[in-house]
Amino acid sequence: MPLPVPVPPEGVDPAWLPPAAFRPLGSRRTLIRGSGPLVDTVHGEVAEACARFGGRVVRDAGPGAAPYDLVLAVTGSGGEEFTCARRDGTTTVTAAGPAGLLYGLFHVVRLGEDAFRAGRAPETHRPAVASRMLDHWDNVAVHPVMGQVERGYAGGSLFWADGRARGDLERVRAYGRLLAACGINAVAVNNVNVHAVEAHLLTDRIGEVAAIADALRPYGVRTHLSVTFAAPVVLGGLPTADPLEEAVRAWWARATRRVYEAIPDFGGYVVKADSEGQPGPFAYGRSHADGANALAAALEPYGGTVHWRAFVYDHRQDWRDRTTDRARAAHDHFTPLDGAFAPNAVLQVKHGPMDFQVREPVSPLIGAMPRTRLAVEVQATQEYTGQQRHVCWLGPMWSEVLRFRPDGRTPVGELARGGLVAVSNAGDDPFWTGHPLAQANLYTFGRLAWQPDAEPRALLDEWIALTHPDAPGRLAAGLHAVLDGSWRTYEKYTAPLGVGFMVQPGHHYGPSVDGYEYSPWGTYHFADRDGVGVDRSRATGTGYAGQYAEPWARLYESPDTCPDELLLFFHHVPYGHVLHSGRTVIQHIYDTHFEGVAEVERARAVWASLAGLMDPARHARAAQRYEEQLRGAREWRDQVNSYFFRKSGVPDRRGRRIY
Ligand code: GCV
């Protein structure tokens with residue numbers, strides 16, 4: 001039976017699945033072979049498209065049936081792989097399993113008319129990593145400081161409202177559909193900071209999680225849950241959460257059994273332990289492998305996984321203490337544990353050593369734990385990259401990370417055997433992501449997770465063509481013009497040369513050069529009248545550069561070889577230090593801040609010229625946000641330039657106005 005396609009509430013943007021994207025498929029004759037719920041989903045998709053565009057769909061026709069333009073067939077019992085081939089006037093998608101058929105269907109949608117072009121060479125597609133996941137930092141109840149979605153810039157939660165799971169989950173079904181169409185197959189539905197209310201999702205409120213899982217399942221998305229390490233104490237009433245205590249392990253085993261009774265295909269737990277105030281195994285003198293393995297043991301009988309986050313550092317640092325370096329922390333804590341984690345424990349590592357800044361080196365932990373399954377976490381929600389009021393397409397940044405070769409040989413995209421994870425940027429906003437152009441980040445993440453070496457620009461082409469199927473070439477060119485370089489533009493007008501932060505404390509929006517300078521969070525730039533940057537060399541600094549394998553350790557060690565864009569992350573240098581670009585550091589700061597603002601002015605003008613080429617509401621929403629982006633970019637420029645002019649006393653060589 002075809003499963004009806006979800007219908008999101010009136011006014012919700014179709015994002016990259018507008019009906020028109022299905023025209024090439026929906027105007028043809030399709031045969032579907034296979035059985036099971038995901039095949040029913042595929043059937044529903046094709047049936048809906050055919051009803052709209054006049055095609056025909058048949059399920060499991062016998063031999064001798066009329067010829068078809070498209071055959072979608074499951075040939076094996078499982079797997080996400082599929083082959084798409086064109087022969088004798090028929091396009092055939094053969095999939096290893098029902099999930100593969102679903103991804104094959106969306107591949108055909110992406111190809112559009114091209115899927116039916118004579119002479120197309122056969123292609124086989126399989127995801128590089130098995131787990132392609134979104135973490136939602138959603139709170140069930142509105143948190144007094146963080147609101148409903150921690151670091152959320154797209155309205156309320158898709159899953160939770162009024163302190164409980166939403167009653168109508170049709171929009172969650174539509175979300176699962178969007179995710180499947182870009183290759184995402186797992187979602188953690190609550191914040192990694194697990195507060196008292198959310199802790200109960202694991203036990204007495206598991207039914208609410210099960211309802212969400214039911215809504216996501218038809219599109220092949222498995223549900224995961226963030227849990228508190230202290231659950232045996234706060235939910236079970238035990239005196240301890242010591243992971244080596246038998247009673248604690250038995251508690252996790254019982255709780256997990258009940259989870260699987262409610263959600264048989266439950267994905268597993270996500271844990272933020274000993275991190276920014278969350279409880280963890282250190283309290284009991286145990287290691288993080290001990291902690292992760294206790295939960296892994298409970299999940300193991302059911303095939304579940306624990307995603308254990310490596311974001312462990314001292315967030316109560318004395319800013320006068322130059323020996324503690326937050327960037328070192330994850331490597332220091334976790335490399336001694338390599339090989340100690342259970343096979344179903346995944347160590348989830350942020351892509352950089354600090355916290356999703358616009359520019360960071362790749363975390364040295366990635367590549368340093370060959371006997372551990374690592375997942376790499378990126379941040380689609382734009383906490384530090386303009387909070388979805390600024391355009392900042394992160395595809396090129398993520399692609400650089402995924403192509404980076406920590407040992408000089410194997411790219412991060414291959415080392416991430418435990419999967420790729422993004423903190424989601426979606427909410428109940430009509431455009432899903434606040435800024436309509438931020439949809440491109442969610443789409444690009446999914447596609448990069450499927451194929452980490454994909455060209456980000458080609459993925460943007462896909463997103464543009466799907467989102468605007470009837471768009472004239474001028475619109476596609478305009479969208480490229482405003483998105484392609486937007487990450488580098490954002491980098492230009494914010495914190496310079498990899499030094500990071502300089503944001504307003506707490507909410508992290510807008511500039512405050514010294515906002516985190518004398519704070520306990522370990523995020524400093526050390527600017528004084530002579531120079532700026534953090535000495536992380538082995539020779540004279542914190543030694544962080546030595547956490548890398550060669551060739552990186554040597555390259556980062558010296559300011560002479562360190563790439564310009566990371567110079568201030570690794571070195572404290574005088575303002576007159578000459579970069580590889582030939583500019584001094586101070587002149588680079590001035591120039592890039594003026595350039596960044598000029599680039600936003602141009603992007604805003606390009607956007608204005610695209611009015612009339614798309615849905616007016618979509619255009620208006622982004623136009624409004626461009627006003628804020630320009631205001632914000634000017635503020636960043638003036639605060640950063642003035643700060644460094646006043647500190648250094650060095651005038652701008654070009655004599656521009658600095659306050
Ligand atoms: C969910 C940063 C963010 C926090 C977030 C944390 C994390 O510190 O500001 O909001 O907490 O990262 O990744 O756990």
Side-chain angles (χ1 to χ4, degrees), residues 133-154 157 159-160 187-199 201 224-229 269-280 288 291-292 306-317 326-327 329-330 333-334 346-358 360 363 365 374-388 394 420-427 445 495 500-510 512 515-516 519-524:
M133 181 166 171
L134 290 179
D135 279 5
H136 276 257
W137 288 351
D138 296 15
N139 299 312
V140 173
V142 175
H143 184 270
V145 180
M146 290 300 170
Q148 170 118 59
V149 180
E150 180 156 345
R151 314 308 181 185
Y153 314 104
S157 169
F159 308 124
W160 316 99
V187 166
V189 295
N190 63 314
N191 193 354
V192 289
N193 289 328
V194 183
H195 311 109
V197 175
E198 288 79 18
L201 295 174
H224 297 240
L225 190 67
S226 297
V227 296
T228 169
F229 186 76
Y269 301 137
V270 180
V271 187
K272 171 175 177 175
D274 290 318
S275 170
E276 300 185 331
Q278 294 294 310
H288 276 243
V306 57
H307 282 78
W308 191 269
R309 295 179 84 231
F311 187 53
V312 177
Y313 70 99
D314 179 1
H315 71 290
R316 296 212 176 96
Q317 190 181 329
R326 172 168 165 178
H333 283 303
F334 286 97
V346 164
L347 188 62
Q348 187 166 311
V349 185
K350 289 193 182 189
H351 69 83
M354 295 297 276
D355 197 10
F356 302 131
Q357 301 304 292
V358 69
E360 289 187 42
S363 167
L365 192 55
L374 292 190
V376 175
E377 181 181 307
V378 301
Q379 196 183 43
T381 195
Q382 291 172 236
E383 175 178 0
Y384 295 101
T385 51
Q387 303 201 348
Q388 284 143 254
L394 294 163
L420 291 166
V421 182
V423 185
S424 176
N425 62 355
F445 167 72
F501 290 89
M502 300 190 174
V503 289
Q504 300 228 8
H507 58 73
H508 298 168
Y509 185 72
S512 175
Y516 275 109
S519 78
W521 294 93
T523 50
Y524 315 118

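All ligand and atom numbering here is 1-based and tracks the order in the structure.
- Panel note: side chain Gln278, backbone Asp274; no donor-acceptor pair is recorded below 3.5 Å.
- Using the six-membered ring where Trp is involved, Phe356 and His351 have ring planes that are tilted, between 30° and 60° apart.
- Neither the backbone nor the side chain of Phe356 has any atom closer than 4.0 Å to an atom of ligand 1 (non-hydrogen atoms only).
- Aromatic ring orientation, Tyr516 versus Phe501: perpendicular (interplanar angle above 60°, classes split at 30° and 60°).
- The distance from ligand 1 to the heavy atoms of His508 drops below 4.0 Å at these ligand atoms: 9 (O).
- The only option from Thr228, Asp135, Asn191, Asn193 that meets the side chain to side chain donor-acceptor pair (under 3.5 Å) definition with Lys272 turns out to be Asn193.
- Atom 6 (C) of ligand 1 has its closest protein heavy atom at Glu276 OE1, 3.3 Å.
- Using a 4.0 Å cut-off to heavy atoms of Phe311, the atoms of ligand 1 that qualify are 6 (C), 7 (C), 8 (O), 12 (O), 13 (O), 14 (O).
- Summary of contacts: the protein heavy atom closest to atom 2 (C) of ligand 1 is Asp355 OD2, 2.9 Å.
- Using cut-offs of 30° and 60° on the angle between ring planes, the pair Tyr313 and Phe311 is tilted.
- When only non-hydrogen protein atoms are considered, atom 12 (O) of ligand 1 lies nearest to Lys350 NZ, 3.0 Å.
- For ligand 1, the atoms lying closer than 4.0 Å to a non-hydrogen atom of Asn191 are 1 (C).
- Scanning the protein for heavy atoms near atom 1 (C) of ligand 1, the closest one is Asn193 ND2, 3.3 Å.
- Counting only heavy atoms of the protein, atom 14 (O) of ligand 1 lies nearest to Lys272 NZ, 2.6 Å.
- Checking side-chain atoms of Glu198 against main-chain N and O of Asn190 turns up no donor-acceptor pair under 3.5 Å.
- The distance from ligand 1 to the heavy atoms of Arg151 drops below 4.0 Å at these ligand atoms: 3 (C), 4 (C), 9 (O), 10 (O).
- Close approach to Val192 involves these atoms of ligand 1, each under 4.0 Å from a residue heavy atom: 1 (C), 14 (O).
- Judged purely by atom type and a 3.5 angstrom limit, Trp160 has no side-chain atom pairing as donor or acceptor with the backbone of Val149.
- With respect to atom 3 (C) of ligand 1, the closest heavy atom belonging to the protein is Glu383 OE2, 3.4 Å.
- The backbone N or O of Arg309 sits nowhere less than 3.5 Å from a side-chain atom of Glu377 that would complete a donor-acceptor pair.
- With a 4.0 Å heavy-atom cut-off, ligand 1 is reached by no atom of Met146.
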Between Gln379 and Trp137, does the side-chain contact (heavy atoms from CB on, under 4.5 Å) criterion hold? Intermediate values first, please. CA-CA 11 Å; Gln379 196 183 43; Trp137 288 351; 3.6 Å; yes
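- The proximity of Val423 to ligand 1, defined as any non-hydrogen pair under 4.0 Å, does not occur for either the backbone or the side chain.
- Given atom 10 (O) of ligand 1, the protein heavy atom at minimum distance is Glu150 OE2, 2.6 Å.
- The closest donor-acceptor contact from the side chain of Thr381 to the backbone of Gly152 lies at 3.5 Å or more, if one exists at all.
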